[in-house]
Amino acid sequence: MNLKKLLAGSALVTGLALFSAAAVAEESVEVLHWWTSGGEAAALNVLKQNLEKEGVTWQDMPVAGGGGEQAMTAVRARVTAGNPPTAVQMLGFDITDWAKQGVVADLNDLAAKEGWDKVVPAALQAFSKYDGKWVAAPVNVHSTNWVWANKKVFDDLGIAQPTTWDELIAALDKIKAAGLTAVAHGGQPWQEATIFDAVVMSTGGPDFYKKAFIDLDPAALNSPTMVEAFDRMAKLRSYVDDNFSGRDWNLASAMVIEGKAGVQFMGDWAKGEFLNAGKVPGQDFLCFRFPGTQGTVTFNSDQFVMFKVGDDRKAAQEKLASAIMAPAFQVAFNKVKGSVPARTDVDGSDLDACGQQGMKDLAEASEKGTLFGSMAHGHAAPAAVKVATYDVITAHFNGEMDSKTAAEELAKAVAAAQ
Ligand code: GAL
């Protein structure tokens with residue numbers, strides 16, 4: 001080899017080395033999500049920091065709006081433009097809908113290497129996988145049938161944790177009579193639907209919840225039990241303050257945190273707000289199942305769907321998926337978020353009292369067959385049906401129709417959306 005060739009070769013090698021160093025330094029993921037409240041952002045930070053330790057830069061794409069409806073609109077725009085983010089926070093049937101479009105990545109090699117099949121429960125795999133392929137990494141399990149109460153308010157008024165509908169109403173009456181807002185509520189359709197999950201379960205029990213929300217049985221949707229569930233929603237409406245309309249859920253949590261309100265009916269992401277405000281379960285606030293739903297769990301699981309991206313972005317995408325599934329991360333993240341780990345093989349003994357109860361309830365409900373997907377959070381029926389229920393629940397909550405009409409409209413709306 002002559003000198004010229006040798007020099008050219010070594011320049012090429014040096015060039016390649018420089019190129020790959022730059023590629024490593026520039027590895028980045030763009031993540032679309034709706035975790036913009038204080039508690040949510042704190043939890044997401046755990047993931048950002050873990051990835052940054054691995055040399056992966058985090059490009060944040062937050063789309064505010066609890067429950068993720070606005071975020072889903074943003075995803076549609078990006079995918080339609082042929083420029084999907086690396087990963088998107090998503091719920092249940094939305095994942096399946098995108099997988100059907102053929103635009104999501106195939107994570108099977110990574111899943112096999114890391115043994116995801118053995119550690120993720122079937123109820124979550126039903127959404128993480130499509131057509132035998134892993135397309136999403138589940139980060140948690142939340143549930144919607146919780147009550148978050150200010151402990152001092154309960155103690156001062158001598159209120160014991162209610163376990164039945166009648167006890168709940170008696171407790172709310174006491175709080176209202178004391179001049180406080182009994183129910184801290186944010187008047188947004190998804191928040192009303194979140195309460196409805198619990199009210200339907202409490203009113204009709206697990207078989208009814210399944211018939212109405214999972215099987216979408218018209219006879220259950222338009223039934224005397226459903227009318228009663230709507231009546232109960234109207235009753236709860238009488239305990240909210242005058243300014244509830246449009247309020248974000250985390251501001252409703254703040255009313256309970258500050259002792260201005262007694263309770264909030266919300267999924268366990270609310271706990272993230274209490275913790276972020278420095279509050280301690282059992283000491284400053286109470287968590288208990290919505291009265292009448294003990295022994296049942298209406299769940300939702302946040303998953304990060306990986307979209308098909310160019311080869312230059314695949315390595316960082318796999319690092320993200322792997323970081324989400326890491327056992328230590330699942331515990332660290334869920335401690336902050338209020339949810340429980342998506343993996344069944346991690347040690348949850350480190351979680352606080354509400355987290356421990358969440359894990360125990362989940363395991364028991366799964367065992368007993370009383371674990372069901374949340375309608376409000378996309379795990380009972382496809383998005384079109386979910387949104388159709390939102391419209392009826394909210395119209396009724398705002399007094400636009402009586403309970404009997406609401407049950408009729410619910411059955412019609414669900415049928416039309418399928
Ligand atoms: C849920 C989501 C939670 C929480 C909540 C409010 O749909 O699963 O993680 O963030 O919305 O934004």
Side-chain angles (χ1 to χ4, degrees), residues 31-47 60-75 87-95 97 123-124 127-128 136-146 148 184-198 246-254 256 264-276 287 297-305 324 330 333-342 354-355 358 362 372-383 386-387 389-390 393:
V31 184
L32 194 151
H33 63 88
W34 66 91
W35 283 336
T36 55
S37 79
E40 291 173 330
L44 193 62
N45 250 333
V46 181
L47 181 59
D60 207 35
M61 171 97 189
V63 182
E69 259 191 290
Q70 288 88 331
M72 290 307 100
T73 308
V75 182
V88 178
Q89 177 198 353
M90 228 180 256
L91 297 172
F93 282 90
D94 281 318
I95 306 173
D97 283 349
L124 303 196
F127 300 107
S128 325
V139 71
N140 64 7
V141 186
H142 270 303
S143 60
T144 55
N145 55 321
W146 286 104
W148 306 91
H185 177 59
Q188 295 172 348
W190 74 269
Q191 294 190 60
E192 273 126 34
T194 302
I195 304 178
F196 201 56
D197 273 1
R247 177 187 286 137
D248 287 332
W249 67 274
N250 51 315
L251 301 181
S253 305
V256 178
Q264 182 184 22
F265 307 121
M266 190 41 67
D268 38 14
W269 47 90
K271 190 183 83 179
E273 296 308 298
F274 285 82
L275 299 181
N276 197 47
C287 58
V297 171
T298 45
F299 83 96
N300 60 304
S301 162
D302 293 300
Q303 309 213 14
F304 282 91
V305 179
I324 291 168
Q330 291 251 335
F333 171 88
N334 284 298
K335 268 179 162 171
V336 184
K337 185 68 172 66
S339 35
V340 302
C354 301
L362 185 67
F372 298 104
S374 153
M375 172 57 95
H377 293 267
H379 282 69
K386 172 186 87 172
V387 173
T389 71
Y390 282 10
I393 296 163

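Given the structure is predicted, the values throughout are model-derived calculations rather than measurements. Order of listing sets the numbers, starting from 1, for every ligand and every atom in it. In this chain, residues are counted from 1 in sequence order.
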For ligand 1, output the ligand-protein N/O contacts shorter than 3.5 angstrom; if there are none, return none.
unit_1	atom_1	unit_2	atom_2	d
ligand 1	7 (O)	His377	ND1	2.8
ligand 1	8 (O)	Asn300	ND2	2.8
ligand 1	8 (O)	Asp302	OD1	2.7
ligand 1	8 (O)	Asp302	OD2	3.2
ligand 1	9 (O)	Trp35	NE1	3.0
ligand 1	9 (O)	His142	NE2	3.4
ligand 1	9 (O)	Asp302	OD1	3.4
ligand 1	9 (O)	Asp302	OD2	2.6
ligand 1	9 (O)	Lys337	NZ	2.8
ligand 1	10 (O)	Trp35	NE1	3.0
ligand 1	10 (O)	Glu40	OE2	2.4
ligand 1	10 (O)	Lys337	NZ	3.4
ligand 1	11 (O)	Trp34	NE1	3.2
ligand 1	11 (O)	Gly67	N	3.3
ligand 1	12 (O)	Trp34	NE1	3.3
ligand 1	12 (O)	Glu40	OE2	2.7

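No hydrogens or angles considered: a donor-acceptor pair under 3.5 Å links the side chains of Asp197 and Thr144.
One distance of note links NE2 of His33 with CG of Asp60; it measures 3.5 Å at 0.5 Å rounding. Expressed to the nearest 0.5 Å, how far CZ of Phe299 lies from NE2 of His377 amounts to 12.5 Å.
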Let me have the donor-acceptor pairs involving side chains of residues 266-276, under 3.5 Å, with sequence neighbours excluded, atom names and distances please.
unit_1	atom_1	unit_2	atom_2	d
Asp268	OD1	His142	ND1	2.6
Asp268	OD1	Ser143	N	3.0
Asp268	OD2	Trp146	NE1	3.1
Lys271	NZ	Asp352	OD1	2.8
Lys271	NZ	Asp352	OD2	3.2
Glu273	OE2	Ser37	OG	2.6
Glu273	OE2	Gly39	N	2.9

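Looking only at distances, no side-chain donor or acceptor of Gln191 sits under 3.5 Å from a matching main-chain atom of Gly187.
Aromatic ring orientation, Phe304 versus Trp35: perpendicular (interplanar angle above 60°, classes split at 30° and 60°).
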